[in-house]
Protein chains: 2
Amino acid sequence: MNIGQAAKASGVSAKMIRYYDEIGLVRPASRTESNYREYDDRSLNELRFIRRARSLGFSMPEITQLLSLWRDRQRPSRDVKAIAERHIADLDARIAEMQAMADTLRHLSHCCAGDDRPECPILEDLTRS
Amino acid sequence: MNIGQAAKASGVSAKMIRYYDEIGLVRPASRTESNYREYDDRSLNELRFIRRARSLGFSMPEITQLLSLWRDRQRPSRDVKAIAERHIADLDARIAEMQAMADTLRHLSHCCAGDDRPECPILEDLTRS
DNA sequence: ATGGGGCTTCCCATGATGGGAGGGTCAAGG
DNA sequence: CCTTGACCCTCCCATCATGGGAAGCCCCAT
């Protein structure tokens, strides 16, 4: 399977597949005589794994760890769960931060007439704090 | 006022002040004979404005717009409110996305024993989807 | 006058991703 | 058999906001 077909089948762009190859996230792809990368079902599963993990917001270092646990049939599920919980905490923190921003803005926006006049509590807030 | 003092007084690092200068976000700072940037109260207010806007999650292009409205005493508050509302919608979308990630992970993590055994619903999910 | 700290510019790195140039390869159809 | 178009390869560049650091100039206090 060529990189283009692997990209289509895995949902990971060819660019990113080469990048994952370069940084050693996936096992280096075998090459044809003419230096084309070739992929099999096992590679595809790795790529899909990565895509799914990315879509859950895991960072590349976290995915590196997850992949190595995934490959290890003896892994304790404890280790996987620890990574997941850490990531959940991270997400929650970022959500809380953005929620606070949105709430503040909603309040300010609510107080702003939003018409032709120049008075604006939003700008006033940005000025003062 | 030197850049270091302006940094301390505004809460924006000297590095970032130079950067805002370079990209034209703030008016170019006047210079002393020996080419040191100098800042007055008006500059400080701009820097504080930017810092506050950043802390509410506004992007640099949005801040550019906000600054120009802020400088224009004739601005219609409608324009400011429009920017704020767009940003709120953006925040809400990102929050929803991260919330979905966190919820999925919470479910998977809840189903994972987290002990010595290798069985792990988290890895299974990453494998299948 | 000298030393330490602050200022200047310039370069580099981040993380994940895409764009594009220049050049080799493969397969299908004339 | 040759051409053509669609692949593939590597290498370089850009993003966005931020920080680190080097080399060199400047200012103030001792």
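Predicted model, so just to flag it, every value in this text is computed and none were measured. Labels below follow one simple rule: chain letters A, B, ... track the order of the sequence lines, proteins then strands, and each chain is numbered from 1.
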Subject >> A/Arg37 side chain near D/dC9 phosphate (N/O to OP1/OP2, under 4.0 Å) >> reply: yes

**OP:** Give the rounded distance in Å between these two atoms: CG of A/Asp21 and P of C/dA16.
**Re:** 16 Å

Subject >> Nearest to side-chain heavy atoms of B/Ile3, which nucleotide of C/dG6, C/dT8, C/dG18 >> reply: C/dT8

Subject >> Separation of D/dC27 C1' from B/Glu38 CD (nearest whole Å) >> reply: 15 Å

Original post:
Is B/Arg128 paired with B/Glu124 through a side-chain N to carboxylate O contact shorter than 4.0 Å?
Top reply: yes

Original post:
Between B/Glu62 and B/Arg86, is there a salt bridge with N-O shorter than 4.0 Å?
Top reply: no

**OP:** Please state whether the base of C/dG15 and the side chain of A/Tyr19 form at least one donor-acceptor pair under 3.5 Å?
**Re:** no

Original post:
Rounding to a whole Å, what distance do you find between A/Glu33:CD and C/dG24:C1'?
Top reply: 14 Å

Original post:
Strictly by modelled atom types, are B/Ser109 and A/Glu85 linked by a side-chain donor-acceptor pair under 3.5 Å?
Top reply: yes

**OP:** Nearest whole angstrom, please: distance from the C1' of C/dC7 to the OH of B/Tyr36.
**Re:** 4 Å

**OP:** Go through D/dT18, C/dT9, C/dA16 for me and flag the one nearest to the A/Met16 side chain.
**Re:** C/dA16

Original post:
Between B/Asp103 and B/Arg106, is there a side-chain N and carboxylate O pair less than 4.0 Å apart?
Top reply: yes

Original post:
Separation of B/Met1 atom CE from C/dC7 atom P, in whole Å?
Top reply: 12 Å

Original post:
Among C/dA16, C/dG6, D/dC27, which is the nearest nucleotide to the side chain of B/Ser34?
Top reply: D/dC27

Subject >> 5′-ward residue of the pair B/Ser59/A/Lys8 relative to DNA chain D >> reply: A/Lys8

**OP:** Please determine if a side-chain N or O atom of A/Arg51 lies less than 4.0 Å away from the OP1 or OP2 oxygen of C/dA16.
**Re:** no

Original post:
Charged N to carboxylate O under 4.0 angstrom, A/Asp90 versus A/Arg94?
Top reply: yes

Original post:
Mapping B/Lys15 and B/Gly4 to their closest nucleotides on DNA chain C, which lands nearer the 5' end?
Top reply: B/Gly4

Original post:
Closest to the A/Arg18 side chain: D/dC8, C/dT9, D/dC12?
Top reply: D/dC8

Original post:
Side chain of B/Asn2: nearest nucleotide among D/dT18, C/dC7, D/dC8?
Top reply: C/dC7

Subject >> Atom-to-atom span, CZ of A/Arg31 to C1' of C/dT25 - whole angstrom >> reply: 14 Å

Original post:
When you measure from the side chain of B/Ser13, which nucleotide among D/dG21, C/dA16, D/dG19 comes out closest?
Top reply: D/dG19

Original post:
Would you say C/dA16 has OP1 or OP2 under 4.0 Å from some side-chain N or O of A/Tyr20?
Top reply: no

Subject >> Gap between atoms CZ and C1', on B/Arg54 and D/dT18 respectively (whole Å) >> reply: 10 Å

**OP:** Write down the distance between CZ (A/Phe58) and C1' (C/dA16), rounded to a whole number of angstrom.
**Re:** 17 Å

